[in-house]
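Remember, it's 1-based here, ligands and their atoms both numbered in the order they're listed.
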Amino acid sequence: MVLSRLICAFLLVACCCCRRAAGVPGEAEQPEPELVEVEVGSTALLKCGFSHSQGNFSHIDWFSVHKEKPALIFRVRQGQGQSEPGEYQHRLSLQDKGTTLALTHVTPHDERIFLCRDKRPRSQEHRIQLRVYKAPEEPSIQLNTLGISVSSREPEEVATCVGRNGYPIPQVIWYKNRQPLKEENRIHIQSSQIVESSGLYTLRSVLKAQLLKEDKDAQFYCELNYRLPSGNHMKESREVTVPVFYPAEKVWLEVEPVGILKEGDRVEIRCLADGNPPPHFSVSKQNLSTMVVEEEKTTDDNGILVLEAVQKKHSGLYQCHGLDLETLVSLQSDPQELLVNYVSDVRVSPAAPESQEGSNLTLTCEAESNQVPEFQWLREKTGKVLEKGPVLQLHNLKREAGGSYRCMASVSSVPGLNRTQLVNVTILGPPWMALKERKMWVQENAMLNLSCEASGNPRPTISWNVKGMASEQDQDPQSVLSILNVLVTPELLETGAECMASNSLGKNTTIIFLELDSNRTGLNTSTVNPHARANSTSTEKKLPKPESKGVVIVAVTVCVLVLAVLGALLYFFYKKGKLPCGRSGKQEMERNTSI
Ligand SMILES: *[C@@H]1O[C@H](CO)[C@@H](O)[C@H](O)[C@H]1NC(C)=O
Ligand SMILES: *[C@@H]1O[C@H](CO)[C@@H](O)[C@H](O)[C@H]1NC(C)=O
Ligand SMILES: *[C@@H]1O[C@H](CO)[C@@H](O)[C@H](O)[C@H]1NC(C)=O
Ligand SMILES: *[C@@H]1O[C@H](CO)[C@@H](O)[C@H](O)[C@H]1NC(C)=O
Ligand SMILES: *[C@@H]1O[C@H](CO)[C@@H](O)[C@H](O)[C@H]1NC(C)=O
Ligand SMILES: *[C@@H]1O[C@H](CO)[C@@H](O)[C@H](O)[C@H]1NC(C)=O
Ligand SMILES: *[C@@H]1O[C@H](CO)[C@@H](O)[C@H](O)[C@H]1NC(C)=O
Ligand SMILES: *[C@@H]1O[C@H](CO)[C@@H](O)[C@H](O)[C@H]1NC(C)=O
Ligand SMILES: *[C@@H]1O[C@H](CO)[C@@H](O)[C@H](O)[C@H]1NC(C)=O
Ligand SMILES: *[C@@H]1O[C@H](CO)[C@@H](O)[C@H](O)[C@H]1NC(C)=O
């Protein structure tokens with residue numbers, strides 16, 4: 001083998017010397033094989049590089065050198081190519097008048113030396129080094145999602161980069177924040193590759209590092225560098241950020257909403273820390289005046305304690321405590337004051353004011369607050385503001401001044417903070433009639449309801465000067481309605497009715513005048529007039545029906561005719577003397593007919 005190499009080398013040298021007449025003779029220049037670079041899958045053109053004058057291209061043998069052993073793969077005889085059986089049998093063809101051998105579907109296995117040899121006795125040889133390239137696929141990066149603790153004493157896996165199917169093996173470079181990483185104490189890069197059956201390489205590189213807190217947002221990626229016939233190229237993976245765990249150094253507290261708080265507000269106390277993961281938080285509250293810690297509550301997983309509707313008791317100094325469950329180190333925030341503004345216990349004095357009509361009344365309002373409260377008086381019914389200030393003066397009280405008043409206590413520096421108290425003012429006075437007098441149209445003998453309404457404080461009672469069934473209804477605490485059910489008699493028509501309302505402070509009356517009303521349709525009485533009934537029943541019997549008139553006339557006519565015939569017959573019998581009657585008999589007959 002060594003011998004054959006020597007021969008080859010010698011031949012090559014000789015060839016060179018022959019070609020280059022100007023070459024220095026005797027110089028043992030080992031000619032480099034000609035380099036041919038192709039991408040996997042394409043066609044390699046292997047040109048047998050003899051000079052035309054010396055080469056005889058109609059008789060050439062082609063060899064592939066594998067493990068320094070040339071194997072005949074193709075022969076050219078009289079310009080005709082012929083593949084030798086074997087791995088190249090179907091992929092070789094002659095091109096360019098037989099000077100070039102084309103190898104199709106190049107694979108990584110084809111990366112070797114090919115040589116062509118002239119068949120002449122002083123045979124020449126030309127060596128070609130075929131180099132094969134294939135760009136790796138886009139590198140994929142797999143992050144260690146479990147994260148890395150800064151307390152780790154050894155480099156931990158950050159990410160793994162995989163570049164598939166490249167040739168030759170690409171170079172991997174790891175980057176952190178666009179700066180290339182070098183192997184050092186805190187950084188280990190372990191790369192390995194496997195050969196696929198296709199001959200292509202799959203590269204796998206693991207980046208391990210000891211990280212610091214500052215690396216929590218660091219962006220890592222890998223880059224694959226590779227060569228193609230066209231030159232150097234590279235492909236980058238996407239960037240990843242690895243979870244970094246580090247203990248908190250500081251705990252602090254935030255209150256939402258920021259600014260002035262009032263009773264009823266929803267308040268969030270947020271505990272924050274600069275560690276990852278955040279520590280286990282609890283919140284303590286100190287009484288501002290006694291400085292005694294009153295309660296300690298744990299927050300939710302996000303470090304938030306929600307006070308749905310704060311009250312004055314929630315005022316105090318709040319502090320967050322963070323316990324790192326890994327290191328068991330406890331940190332606490334600076335205390336922060338939470339001030340809940342409040343207005344409460346609005347009181348009006350007197351609580352149940354009562355005053356005589358015409359007198360004066362003073363109402364005073366008080367309230368509890370951590371601020372200086374301001375007061376307003378409003379009329380409940382209308383909502384009208386009557387007075388600004390704690391005192392409401394009511395002069396010369398009128399009956400209408402009775403009713404509800406509202407005192408509102410508020411704090412101008414805290415918008416929306418107010419509390420109110422309602423108070424009912426009672427005006428004491430003699431009865432007051434709804435109507436002083438009244439006229440009613442009535443019908444005699446009808447049942448009638450007389451009504452009378454009176455108001456006053458104390459509530460009046462009502463009495464009537466006529467007999468009847470009275471019923472009372474209480475309209476409201478100050479007024480009463482009385483209804484008297486009476487029969488309309490002539491005496492009542494004459495006197496009318498009077499209702500009298502009285503209470504401890506006086507009396508008052510309403511007079512009801514009753515007038516006869518002949519217009520029956522205008523009256524709504526429960527009973528029907530007895531005369532009207534009598535009249536209607538008698539006329540019903542007396543008045544003939546229209547169709548019976550004719551019958552009466554016919555009957556009278558028939559009677560007259562019958563009487564006439566009867567008279568004629570009597571006269572006939574009298575003349576014939578058949579009737580035994582004298583003067584007296586005549587008189588008797590006349591009397592009968594007149595009936
Ligand atoms: C090439 O070689 C063949 C056979 O050895 C011979 O017949 C032919 O004449 C040669 N051609 C040239 C140009 O030397
Ligand atoms: C603070 O303590 C005092 C005395 O015990 C108590 O009266 C007061 O209501 C407390 N303050 C709060 C905001 O709870
Ligand atoms: C009510 O107040 C008015 C005005 O202040 C005063 O003139 C009047 O005397 C007072 N009346 C009574 C009954 O006090
Ligand atoms: C009183 O407080 C309520 C809420 O409690 C608010 O809606 C209202 O506007 C306040 N009124 C005034 C006059 O401040
Ligand atoms: C005031 O009167 C109303 C009805 O008129 C009543 O509902 C309310 O409870 C009374 N308030 C007080 C404080 O007496
Ligand atoms: C009686 O009531 C009427 C209203 O109907 C009122 O005008 C009058 O002043 C009252 N009389 C007394 C004595 O209160
Ligand atoms: C009179 O009042 C009574 C009870 O208040 C009622 O039942 C009756 O129907 C009334 N009569 C008339 C005629 O309105
Ligand atoms: C009878 O009553 C009706 C309705 O109440 C009224 O229009 C009419 O004028 C009255 N007639 C007499 C005579 O009063
Ligand atoms: C009489 O009563 C009827 C219903 O029964 C009513 O429609 C009518 O208005 C009443 N008339 C008077 C004058 O009250
Ligand atoms: C009934 O009839 C008599 C005689 O016609 C009359 O005087 C009387 O007023 C009538 N009564 C009524 C209620 O109409």
Taking 4.0 angstrom as the limit and counting only heavy atoms of [X], give me the atoms of ligand 2 inside it, by number and element.
| X | answer |
| --- | --- |
| S289 | 1 (C) |
| K312 | 13 (C) |
| T290 | 2 (O), 4 (C) |

- Task: Mark up the atoms of ligand 6 that fall under 4.0 Å of a heavy atom belonging to N508, in ascending order.
- Result: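 Within the 4.0 Å cut-off of N508, ligand 6 contributes 1 (C), 2 (O), 3 (C), 8 (C), 10 (C), 11 (N), 12 (C), 14 (O).
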
- Find all atoms of ligand 6 within a distance of less than 4.0 Å from any non-hydrogen atom belonging to P431, and give their numbers and elements.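 Near P431, meaning under 4.0 Å from one of its heavy atoms, ligand 6 has 14 (O).
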
Closer than 4.0 angstrom, basic N to acidic O: yes or no for [X] and [Y]?
| X | Y | value |
| --- | --- | --- |
| E374 | K388 | no |
| D345 | R419 | no |
| D274 | K213 | yes |
| E184 | R186 | no |
| R399 | E357 | yes |
| E294 | K285 | yes |

- Item | Under 3.5 Å: donor-acceptor pair, side chain of Q210, backbone of S152 |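 It does hold such a pair.
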
- For the side chain of S149 and the backbone of S151, is there at least one donor-acceptor N/O pair under 3.5 Å apart?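 Such a contact is found between S149 side chain and S151 backbone.
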
- Name the residues with a heavy atom less than 4.0 Å from ligand 3?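 Near ligand 3, by chain and number: N360, H395.
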
- Message: So, 4.0 Å and heavy atoms of S315: is ligand 2 close enough to count as a contact?
- Response: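 The answer is yes, since S315 has a heavy atom less than 4.0 Å from ligand 2.
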
- Query: If you measure from each heavy atom of E294 to ligand 2, is any distance below 4.0 Å?
  - Reply: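 It does; at least one heavy atom falls under 4.0 Å.
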
- Looking at ligand 6, does any of its N/O atoms fall within less than 3.5 Å of an N/O of M433?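 Yes, at least one N or O pair falls under 3.5 Å.
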
- Any N or O on K436 sitting closer than 3.5 Å to an N or O of ligand 6?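 It does not: no N or O of K436 is found under 3.5 Å from an N or O of ligand 6.
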
- Message: We want to know whether E223 and N225 form a side-chain donor-acceptor pair, criterion being a heavy-atom distance below 3.5 angstrom.
- Response: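 N225 and E223 do have a side-chain donor-acceptor pair below 3.5 Å.
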
- Message: Does K439, at its NZ atom, have more than 12 non-hydrogen atoms belonging to other residues, nucleotides or ligands within less than 6.0 Å?
- Response: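 It does not: K439 NZ has 12 such atoms or fewer within range.
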
- For R164, does the CZ atom sit with more than 12 other heavy atoms under 6.0 Å from it, leaving out its own atoms?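 For R164, atom CZ is not crowded (no more than 12 foreign heavy atoms under 6.0 Å).
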
- Close approach, G429 and ligand 6, non-hydrogen under 4.0 angstrom: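 Flag not set, G429 not near ligand 6.
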
